[in-house]
Amino acid sequence: MAAHIRGPEPVSMVQALNEALRSSLEDDPKVLLMGEDIGALGGVFRVTAGLAKDFGEARVVDTPLGEAGIIGAAVGLAMRGYRPVCEIQFDGFVFPAVDQLVTQVAKLRNRSRGLLSMPITVRIPFGGGIGAIEHHSESPEAYFAHTPGLKVVAPSTPADAFAMLRQAIASDDPVIFLEPKRRYWDKGVVDWTALAAPLHAAAVLVTGSDVTLVGYGPTVRTCLDASVVAAQEGRSVEVIDLRSISPLDTSTVVESVRRTGRLVIATEAHASFGPASELAARVQEQAFYSLEAPVLRVTGYDTPYPPSRIEEDWLPNMDRILDAIDRSLAY
Amino acid sequence: MAAHIRGPEPVSMVQALNEALRSSLEDDPKVLLMGEDIGALGGVFRVTAGLAKDFGEARVVDTPLGEAGIIGAAVGLAMRGYRPVCEIQFDGFVFPAVDQLVTQVAKLRNRSRGLLSMPITVRIPFGGGIGAIEHHSESPEAYFAHTPGLKVVAPSTPADAFAMLRQAIASDDPVIFLEPKRRYWDKGVVDWTALAAPLHAAAVLVTGSDVTLVGYGPTVRTCLDASVVAAQEGRSVEVIDLRSISPLDTSTVVESVRRTGRLVIATEAHASFGPASELAARVQEQAFYSLEAPVLRVTGYDTPYPPSRIEEDWLPNMDRILDAIDRSLAY
Amino acid sequence: MIQLLDADGVRRDHPDYPLSISDGELRELYRDLVLVRRIDTEATALQRQGELGLWASLAGQEGAQIGAGRALRSQDYVFPTYREHGVAWCRDIDPVHILELFRGVSLAGGWDPSAHNMNLYTLVIGSQTLHSVGFAMGVVRDGMVGSGDTAADTAVLACFGDGATSQGDTNEAFVWAAASNLPVVFFCQNNQWAISEPVEKQSRVPLYQRAAGFGFPGVRVDGNDVLACLAVTRRALDDARSGQGPTLIEAYTYRMEAHTTSDDPTRYRNADEVARWAARDPIDRLRKHLDSRGLLDARFLDSVGEQSEQLAVRLRAATRAMPEPDPLSAFDHVYAEQTAELAQQRGQMREFLDSLEEVG
Amino acid sequence: MIQLLDADGVRRDHPDYPLSISDGELRELYRDLVLVRRIDTEATALQRQGELGLWASLAGQEGAQIGAGRALRSQDYVFPTYREHGVAWCRDIDPVHILELFRGVSLAGGWDPSAHNMNLYTLVIGSQTLHSVGFAMGVVRDGMVGSGDTAADTAVLACFGDGATSQGDTNEAFVWAAASNLPVVFFCQNNQWAISEPVEKQSRVPLYQRAAGFGFPGVRVDGNDVLACLAVTRRALDDARSGQGPTLIEAYTYRMEAHTTSDDPTRYRNADEVARWAARDPIDRLRKHLDSRGLLDARFLDSVGEQSEQLAVRLRAATRAMPEPDPLSAFDHVYAEQTAELAQQRGQMREFLDSLEEVG
Ligand SMILES: Cc1ncc(C[n+]2csc(CCOP(=O)(O)OP(=O)(O)O)c2C)c(N)n1
Ligand SMILES: Cc1ncc(C[n+]2csc(CCOP(=O)(O)OP(=O)(O)O)c2C)c(N)n1
Ligand SMILES: [Mg+2]
Ligand SMILES: [Mg+2]
């Protein structure tokens, strides 16, 4: 098998995810992948490339074209003792599965007083920035984060992608695993044997003292870039990668804001009723006396995702983040 | 027809809604109702009682049992020039329709550059407190409020129910119309001919100076009760009924908070990534220097809606609201 | 329509569904039917007395449910709706657990699904059909189909109503079961009504015909004939276990009572119809048959009557004795691994409840 | 499988689908096929040159689409997927509008659905089948079914692929169309593949059989035979308009190219299969027929060739000339009545873009 890619050279996030799936399939015979086109094709992003060949069609299942079916069947498989890892082909196609996710997957443990377990991972390539057509650039995390019983995470690097996907699959809770598709081909070094950080812990990537800048998934790279530019302008930006959207590691952010007094959040999801608003609500509550400026949100606007030719202006790009940092510091 | 109920006597919210549907059917031949059991039965809450008899089965349509079908068919009817008013029998059964709502209803106007109009009203009895079984007490408003292209409203009185439902049906935008089912049988006087307030304007129900207390739908009554008790303790509470969740009338709330310096929000929806968080995020941003305490949220907890025998402790009841007011004033 | 007992209780044979059944077994079926109906009438009474918030009656459908339920082997797995009290009975689930749901002290009934090989009640129409498909995929992967070991080979029974055939989920389940030849028996109780909507609003052809379009067999059975339901379900389960794939069974029956105790059927159906179906009562039918064969001696009838009475007494007492749930239990089992946010919210609720107690 | 032209272009008759067609009409069908294929090859080229972000080829499916498209009357309404370039051609939709979508300057193509009686492209698999059902409900309410006025009576054509038959929405659409006897023709292009999944992963029986289970007729037609597609769709549309309800047509055809330009079909299908289907090319077949009847004179062929060349030139130029959308247009048409929040966000974007311009 492709263990050769587990070396010191940088790998893409796609490769890291593929390795995570491979090792999960190797480690646990109850793990099984299912989705549209994940078999011979290896998925439209090749995340499952080679796995059907190596593990067989019973464990890497090309399903009929129906997302409700994929998640509904995963529920039954989980009840039979399996750990299904479902792929939803694109963010915009998860909605037919929302009923099974919200009324069944999220609730069955609670409804059964802990007798039933739903160790289901739902992988969804999410977010924009790849020049795609409609329904291929959505950021649906808020729908799931608002649903008790689901957990929602998003890695931002190949290393996290590898570690977090393995953790998600090993988790006895259902995890919506959001893959930032425009970072799929970015490379990074993965320490294949490292002990992973807790799945739901935020990570302080850069320490700073003037303002806290928070992102997750696709915006983390943008936040890091912004912090470099801001540094050139003499601004010390602390960058935090949330990693987990639900549960949200509020305390790491609050602790940071207590020091910086300022918070800017960057996410591609729509502003209103979105993830940035939740973090703002928590931080204003828990760090009330520390805040020297309101929490500012740099997000996708409250419009449908636009045609790809204008997506760069619509997304929370570096300039918009720098602008928000300026506005925060101007208070 | 039952024009006799349009008198000065108080009517229940169910009656007011029935009258709004009746008058909309009378006024516009393109209006048509569709849903499960809305015909002969008159809906499980009798909101459509008598309408199939008076307007015929072509305009009050008992549909097959499928929520995706109800909303998907409404899209086609809208494209043919009709104004469908859909009933979803209970809040917990809207999820099979989420795909059509999010990917189609919400987006078709934008996608068609304004050439297509989706004048669809989706009536959903929502919220808890009636001793129901699972899936019959949900507060799904955040899912829809986070979706650009949808509007979301919730009346709290028979008078608003009558006026707002007529406005929603007349609106060229799709409106999720949430009916607070535990207030269905509360009575109130309706001025049947009054000029209605704008559909998306919040209403200051009680003026006060110490703290602003905001609710919508089922919690408005609770907020009013709390304000009376608080007054007995010498606290002057300003009560605002949001009426519209999306768009959110932020300015009315901000204007109030500028005076009171304090804000408590009461909603049955889950706390995290919910409506209360959005309002908190906006108010901390727009009234930053006025806030003397963090915005506090009194909400349904982040658990699945519990068995009915314990729902009263789970819901944002009056005691929890009073407690939050105390906490706010203690800052 | 497959029938093995006609409306007068006369036994008929059907070449495709031979049924050899002993006198003792026949009497046990009768006992099941009577006891299950007793659960139903008792629960209805408890609802009227305010002890239950709601009740969904199975009256009229006992034959279908006991027939299907008694066709199961213990290793088979059942996915019920909210009305499967008769099937649950056959799975040895204490009816008290079902009443917990309808009283509002638990969300979905408190039995252990794995202990009884029957999932909890599912209220969202159609959802469980997809679960049954997934479970069946697992059964196949476990090698428990067509292995030849009859104690191991396993089938899945997916229960749903006529109305559920209109849901996307149910039809997707048909697609999956057919495409992968899964060991699922789709057991549709066509009780003629989906709340107030007659089956004609859902389909203009008999429901069992739906299956052929997906590529697997469908059969209509007299749902008020417990023997036919037993034979037809047994055969379908055998087929499933031996690797011959899914079957759709339409059990043609009738919902004698309101949809639930909250419903008022006089608004949408007439008494004539109900009376016509009363004449086809599944218990009467089996009683006539047993009677004609001299199997209804007083001792047997007494024992059934007594057992029925004891059951009712126990249900009443158990319902009234159900402990009120702890409000803090809302926070249990939301996650396998509790989150900090939830732990904090739980703390807030506890503090708050404590403060009320201090005041009170 | 209904066929009116065999693989060698020999005309056959079918008793249920008589087709009288003039030589001129035959030649116009040929012109349609050639022009539509030219749109496709040109768009593929534009994608390779980076002028389009993506392209979904209809190559191989021209016969199905032109057959169905030319069966429509102007008052009929079409609900397409993302691959209906041939049907759009028959609805007089400028292909440039389609390219707008694939270039990324608009979300769904810029034509006016009402002007062409054809909805915008729908990308979410199956969704449009329910829209067609709703539209048909409106048609019935407008009295435009079975009125006897052939200029008014209206049918709805719902297009979808083989993969779409697995979606809940599509099956719910079958339920609704059957239950209300709606004037919908379900036109399924079974091109054998749903991206990488062969049709056998979706169904183990021919797809047209699905309809019978829902209570309406299904028919399989040779999708590479434009005449058969024309005749079969025409009859189904006539039935729909006259009040005889829905039909499912399975047009048995093949996707000759990749799923889209992003796809790599060598990963999942072999060249033999493609070659076999190339021998059944719908354009070749009609060409042989016309040739055998002496209808392919040089003048006609030249005129088609010239028109095809002009079309390609125009598409190239128009694509390159498409104005870049204004980023602020994202805020247009989100609502009929703009909200304060959106107006404010729009203002923020404008200010921000202005500030960049000042800097730049
Ligand atoms: C998705 C969904 N929509 C609506 C409901 C409300 N509802 C509960 S039972 C019912 C009718 C079900 O009819 P049927 O499937 O025939 O089962 P029966 O109750 O007759 O046993 C409806 C509409 C629901 N539970 N789930
Ligand atoms: C709900 C949904 N799920 C997944 C996709 C991704 N997707 C796009 S096309 C396609 C295959 C469709 O196959 P088919 O219906 O046969 O149409 P064809 O492309 O062959 O014309 C898939 C899975 C989608 N567009 N919508
Ligand atoms: Mg029924
Ligand atoms: Mg296809």
Side-chain angles (χ1 to χ4, degrees), chain C residues 124-131 133 137 160-182 184 186 188 190 194 197-220 243-250, chain D residues 124-131 133 137 160-182 184 186 188 190 194 197-220 243-250:
Chain C
V124 184
I125 301 295
S127 301
Q128 74 282 4
T129 58
L130 284 171
H131 307 164
V133 154
M137 288 171 69
F160 53 98
D162 43 294
T165 60
S166 296
Q167 279 287 1
D169 277 12
T170 308
N171 290 283
E172 288 195 30
F174 294 163
V175 168
W176 286 57
S180 299
N181 201 39
L182 297 173
V184 181
F186 293 106
C188 174
N190 175 0
E197 300 197 16
V199 63
E200 300 78 48
K201 291 231 163 131
Q202 319 284 343
S203 184
R204 64 180 184 188
V205 289
L207 293 173
Y208 76 92
Q209 294 181 9
R210 181 79 55 89
F214 289 88
F216 58 95
V219 55
R220 181 181 270 188
Q244 291 176 73
T247 304
L248 169 62
I249 299 174
E250 178 191 1
Chain D
V124 185
I125 301 295
S127 302
Q128 75 281 3
T129 59
L130 284 170
H131 307 163
V133 154
M137 289 172 69
F160 54 97
D162 42 294
T165 60
S166 296
Q167 279 286 1
D169 277 12
T170 308
N171 290 283
E172 287 195 30
F174 294 163
V175 168
W176 287 58
S180 299
N181 200 39
L182 296 174
V184 182
F186 292 107
C188 174
N190 175 359
E197 300 197 17
V199 64
E200 299 77 49
K201 291 232 163 130
Q202 319 285 341
S203 184
R204 63 179 184 188
V205 289
L207 294 173
Y208 76 92
Q209 294 180 7
R210 182 79 56 88
F214 289 88
F216 57 95
V219 54
R220 179 181 270 188
Q244 291 175 72
T247 303
L248 169 62
I249 299 173
E250 178 191 1

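In what follows, chains are A, B, ... by sequence order, proteins preceding strands, each numbered from 1.
Between chain D and the residues C/Asp169, C/Val205, C/Thr170, the largest count of heavy-atom pairs under 4.5 Å involves C/Val205.
Residues that satisfy the side-chain hydrogen bond (donor to acceptor under 3.5 Å, both in side chains) test with D/Gln167, not counting sequence neighbours, are A/Glu67.
Separating the CH2 atom in C/Trp176 from the NZ atom in D/Lys201 is a distance of 11.5 Å, to the nearest 0.5 Å. C/Phe174 CZ to D/Ser203 OG: the interatomic distance, rounded to the nearest 0.5 Å, is 13.5 Å.
Here the closest non-hydrogen pair linking D/Arg204 and C/Pro246 is NH2-CD, 3.9 Å.
Looking at C/Tyr208, neither its backbone nor its side chain comes within 4.5 Å of chain D, counting heavy atoms on both sides. Only the backbone of D/Thr165 comes within contact range of chain C, with heavy atoms under 4.5 Å apart. In this structure, chain D has heavy atoms under 4.5 Å from both the backbone and the side chain of C/Ala178.
Put simply, the side chain of D/Arg210 does not reach to within 4.5 Å of the side chain of C/Asn171, judged on heavy atoms.
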